[in-house]
Amino acid sequence: MYDIIIIGAGPAGMTAAIYARRAARSVMVLEALACGGQIINTPDIENYPAEEHISGFDFSEKLHNQAKNLGAEFIFEKAVGIETDGNIKKVVTAKNTYEAKAVIIATGSENRKLGLDEEDRLVGRGISYCATCDGNFYRNKTVAVVGGGNTALEDALYLADLAAKVYLIHRRDSFRGEATTATKLMERPNVEIVYNSNVTRLIAEKRLTAIEVTNNVDGSVRTIELNGLFVAVGRIPENQNFASLVTLDDAGYVMAGEDCHTSTPGIFAAGDNRVKLLRQLVTATADGAMAATEAIKYISEME
Ligand code: NAP
């Protein structure tokens, strides 16, 4: 029996582990893939206090080492559900069931897809959801990025250093992402921004060769020949496995406030998978601290 099981080893989950271990609570962190969560895809973090520049990969590694050195146990299995037995929480994975006094769900989110025909088949054959992972394959080639949030802007900027030409296709005429990044992008001679437009068709043989782009103001259709398409149209929270115990909103985010309490006492939510106004690295780590502190308080009251 652990004091706290944390589901998800992203910035929120690993920060929760640090806070819980510093309070001498036993902690197990369950991770389905690799530590770090979505931040490992960010090439250069410039907005985390006291870190002027750090790659998402290095940031994750530092955080992982910090949690591990404090004694957090990491197990690489995917949590598929949570059950309660009185006050005991049981976290179920494909292989095992683990017990804890409190659980923190810090599962983050997964890539949203465009929903176009052939999109799944073309992943790795011209379609990618991670510019820093796959950008290198497109050196001196033509690529497009879809989206208007920070991820799309940062991906386009990153790719502008590698590719010969980068199209940024956004469905509106203003960006959701930071104006400073958008301004940097507009200064790049090899970047063309295609506003008010959606990708409406993928044109491919074995690999993607072109995309059809439709202007949603005048209805005009344009074909752009390219080698790679980077989809950065947001993320979907990964909470469905826990929906029987925690209330979700219509978009699938856990209904938990700043104190990270969910609808089940002893189960907390931290990070991008919770309802919140600002999803940033700094708010994810803040959530981790808050969720761990509240979990510790909950356990102490039970003892
Ligand atoms: P996001 O902020 O939700 O932006 C998604 C973008 O995709 C929006 O511009 C949206 O258009 C567009 N979009 C959504 N569905 C679409 C569809 N079906 N077809 C075409 N376009 C579609 O997602 P994100 O950029 O991945 O960022 C997620 C969170 O992480 C944000 O809070 C972001 O600020 C944060 N983030 C922070 C950093 C950083 O701090 N350095 C880096 C990356 C991400 P509309 O604008 O029209 O809705």
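The first residue of the sequence shown is numbered 1, and numbering continues consecutively from there. Every number for a ligand or one of its atoms is a count from 1 in the order of the listing. Since this is a predicted model, take the numbers as computed values, not measurements.
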Legend entry - Residues forming a salt bridge (Lys or Arg N to Asp or Glu O under 4.0 Å) with E77, sequence neighbours excluded: none
Legend entry - Side-chain hydrophobic cluster, 4.5 Å single linkage: members besides V92: V80
Legend entry - Ion pair E110/R235, N-O distance below 4.0 Å: no
Please tabulate protein-ligand N/O pairs under 3.5 Å for ligand 1, atom names and distances to 0.1 Å.
residue, atom, partner, partner atom, Å
ligand 1, 9 (O), G148, N, 3.0
ligand 1, 9 (O), G149, N, 3.3
ligand 1, 11 (O), R171, NE, 3.1
ligand 1, 11 (O), R171, NH2, 3.4
ligand 1, 25 (O), N150, N, 3.3
ligand 1, 25 (O), T151, N, 3.0
ligand 1, 25 (O), T151, OG1, 3.2
ligand 1, 26 (O), T151, OG1, 2.8
ligand 1, 32 (O), R279, O, 2.9
ligand 1, 34 (O), N150, ND2, 2.8
ligand 1, 34 (O), Q280, NE2, 2.9
ligand 1, 40 (O), N47, ND2, 2.7
ligand 1, 40 (O), Q280, OE1, 2.9
ligand 1, 41 (N), E154, OE2, 2.9
ligand 1, 46 (O), R172, NE, 3.3
ligand 1, 46 (O), R172, NH2, 2.8
ligand 1, 46 (O), R176, NE, 3.0
ligand 1, 46 (O), R176, NH2, 3.4
ligand 1, 47 (O), R171, NE, 3.0
ligand 1, 47 (O), R172, NE, 2.7
ligand 1, 48 (O), R171, NH2, 3.0
ligand 1, 48 (O), R176, NE, 3.4
ligand 1, 48 (O), R176, NH2, 2.6

Inset, instruction - Compare every heavy atom of T283 with every heavy atom of K276, then report the nearest pair and how far apart it is. - result: NZ-O, 3.4 Å
Legend entry - Set of side-chain contact (heavy atoms from CB on, under 4.5 Å) partners for E301, sequence neighbours left out: K297
Inset, instruction - Determine the sole option in Y138, Y158, Y167 for which the ring-ring contact (aromatic ring centres under 6.0 Å, His included) test with F230 is passed. - result: Y138
